[in-house]
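The structure appears below as structure tokens.
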Amino acid sequence: MAVDEDDAPTSKDYYFDSYAHFGIHEEMLKDEVRTVSYRRSIYENQHLFKGKVVLDVGCGTGILSMFAAKAGAKLVIGVDMSSIIDHAKVIVKDNGFEGKIVLLKGKMEEVVLPVEKVDIIISEWMGYCLLYESMLNTVLYARDRYLVPGGLIMPDTAIMYMAAIEDGDYKDEKIGFWDSVYGFNMSHIKKLALREPLVDTVDNKAVVTTSHPFRTIDLATVTVEDLTFSVPFRIVATRDDFIHAFICYFDIRFGACHKPVKFSTGPHAQYTHWKQTVFYLDDAITVKAGEVVEGTFSLGPNKKNNRDLDISISYTFEGELSKVEGIHHYKMS
């Protein structure tokens with residue numbers, strides 16, 4: 001199947017169009033933690049896939065579909081709204097899976113599958129801070145509409161964590177920069193910059209507290225309504241230092257496997273393209289080892305664009321050297 005080079009991606013739909021560009025897929029495929037974890041969960045569990053019908057939600061280049069087909073699936077159906085699927089069809093044919101893998105272009109909620117039900121759903125739905133871009137909603141629709149009772153979702157569990165970091169130098173470089181820009185006061189931008197979480201790689205040496213698992217998502221039972229939440233957190237300082245920001249990361253588990261497969265996106269783990277999400281504070285918190293920061297982490301879709309996230313972090317701290325409380329509102333867009 002030839003793909004017309006004149007059908008170049010445009011920017012009329014940012015979200016779906018962004019996934020039509022090869023660079024994004026290259027980054028994801030080169031993320032070995034991500035891709036190898038999916039491959040292991042499928043190849044090492046061929047007994048789960050043999051003779052089964054598999055649905056790949058947001059199939060992209062078709063890599064997960066091909067993993068499933070090679071593992072013995074009877075039929076694999078890949079669905080993607082992005083025009084990358086036109087190229088995925090060529091890739092599937094070039095690798096000898098034509099007929100065994102069926103690729104459908106369109107929204108999951110609108111396409112018509114060639115089967116009534118599927119045995120397994122596979123999807124790489126995770127975004128920054130786990131839930132940015134709200135692709136999980138689509139996976140849950142597919143689960144409720146197409147998955148047989150007792151069917152499998154891979155991965156099946158996600159756990160969100162929170163910790164705090166010392167990051168004074170970088171905060172000054174990124175946020176303090178706006179106080180004086182070539183002699184002009186641009187502190188108005190500073191206020192806006194503080195509201196925007198930073199997705200970046202955090203050095204594990206910068207982490208100054210314990211990590212708190214504040215939200216566990218079981219894909220077998222979670223609902224769309226559950227993805228808007230306010231939950232408490234409690235982290236403990238592990239050394240005398242300053243807290244300039246909170247961070248969020250997540251772990252992913254493939255629990256249905258004979259030997260469970262899992263990976264972490266935390267600063268203690270091998271690099272992934274999800275990195276960590278950093279939430280800077282207005283003012284630093286001075287902590288001593290053993291002191292506790294408590295608060296509430298609230299998250300939900302933005303009302304104007306449900307693929308964006310509105311996040312609020314409230315906290316209280318009473319230590320020997322400082323006592324503070326505050327609430328910060330952030331928007332991931």
Let's go through L130 and I252 carefully: what are the C-alpha distance in whole Å and the side-chain angles of both, what is the deciding distance for side-chain contact (heavy atoms from CB on, under 4.5 Å) to 0.1 Å, and is it a yes or a no? CA-CA 10 Å; L130 185 65; I252 294 296; 4.3 Å; yes
Would L219 and R143 count as a side-chain contact (heavy atoms from CB on, under 4.5 Å) here? Give the steps. CA-CA 9 Å; L219 268 75; R143 177 198 69 187; 5.6 Å; no
May I have the step-by-step check of side-chain contact (heavy atoms from CB on, under 4.5 Å) for D179 and K190, ending in yes or no? CA-CA 7 Å; D179 285 331; K190 179 179 179 179; 3.2 Å; yes
Derivation of the side-chain contact (heavy atoms from CB on, under 4.5 Å) call for V278 and Y170: CA-CA 11 Å; V278 181; Y170 197 54; over 6 Å; no
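A 4.5 Å side-chain heavy-atom check between C129 and I311 finds at least one atom pair inside the cut-off. Using a 4.5 Å cut-off on side-chain heavy atoms (C-beta onward), L147 and V118 make contact. Contact check for H244 versus E166: side-chain heavy atoms found under the 4.5 Å cut-off. Considering only heavy atoms from C-beta on, T272 stays 4.5 Å or farther from R34 through its side chain. Looking at I313 and M162, their side chains come closer than 4.5 Å, going by heavy atoms from C-beta outward. Using a 4.5 Å heavy-atom cutoff, the side chains of M332 and V199 are in contact. Using a 4.5 Å cut-off on side-chain heavy atoms (C-beta onward), E109 and T138 make contact.
Side chain of Q276 to backbone of T265: a donor-acceptor contact under 3.5 angstrom is found. Under a 3.5 Å cut-off, the side chain of N95 and the backbone N or O of F97 do not form any donor-acceptor pair. At least one donor-acceptor pair under 3.5 Å links the side chain of D56 to the backbone N or O of S65. A donor-acceptor contact shorter than 3.5 Å is absent between the side chain of K331 and the backbone of N302. Using a distance-only test at 3.5 Å, with no hydrogens or angles considered, a donor-acceptor pair links the side chain of D226 to the main chain of T223.
Cluster membership for I327 and V293, using ILVMFWY side-chain heavy atoms within less than 4.5 angstrom, is not shared.
Evaluated for a side-chain hydrogen bond (donor to acceptor under 3.5 Å, both in side chains) with S298, the options S312, S230, S314 yield exactly one hit, S230. Tested against Y161 for a ring-ring contact (aromatic ring centres under 6.0 Å, His included), the candidates Y249, F246, F214 yield a single pass: Y249. Checked options V236, I235, I243, I285; the residue passing with V208 is I243 (criterion: side-chain contact (heavy atoms from CB on, under 4.5 Å)).
Rounding to the nearest 0.5 angstrom, the gap separating the SG atom in C248 from the CE atom in M160 is 4.0 Å.
Listed by chain and number, the residues in a ring-ring contact (aromatic ring centres under 6.0 Å, His included) with Y330 are F279 (sequence neighbours excluded).
More than 12 heavy atoms of other residues, nucleotides or ligands lie within 6.0 Å of NE2 in H47, so this atom counts as buried by the packing criterion. A 6.0 Å sphere centred on NZ of K174 holds no more than 12 heavy atoms belonging to other residues, nucleotides or ligands. Residue K70 places its NZ atom among 12 or fewer non-hydrogen atoms of other residues, nucleotides or ligands, all under 6.0 Å distant. More than 12 heavy atoms of other shown residues, nucleotides or ligands fall within 6.0 angstrom of atom CD in Q46.
Counting only residues at least two apart or on different chains, the salt bridge (Lys or Arg N to Asp or Glu O under 4.0 Å) pairs with a member in residues 238-262 are R239-D241.
Taking the centre and axis of the six-membered ring of F297, the NZ or CZ atom of R215 falls outside the cone set by 45° and 6.0 Å.
The aromatic ring centres of Y315 and F233 sit 6.0 Å or more apart.
Below 30°, between 30° and 60°, or above 60°: for Y132 and Y128 the angle between ring planes is below 30°, a parallel geometry.
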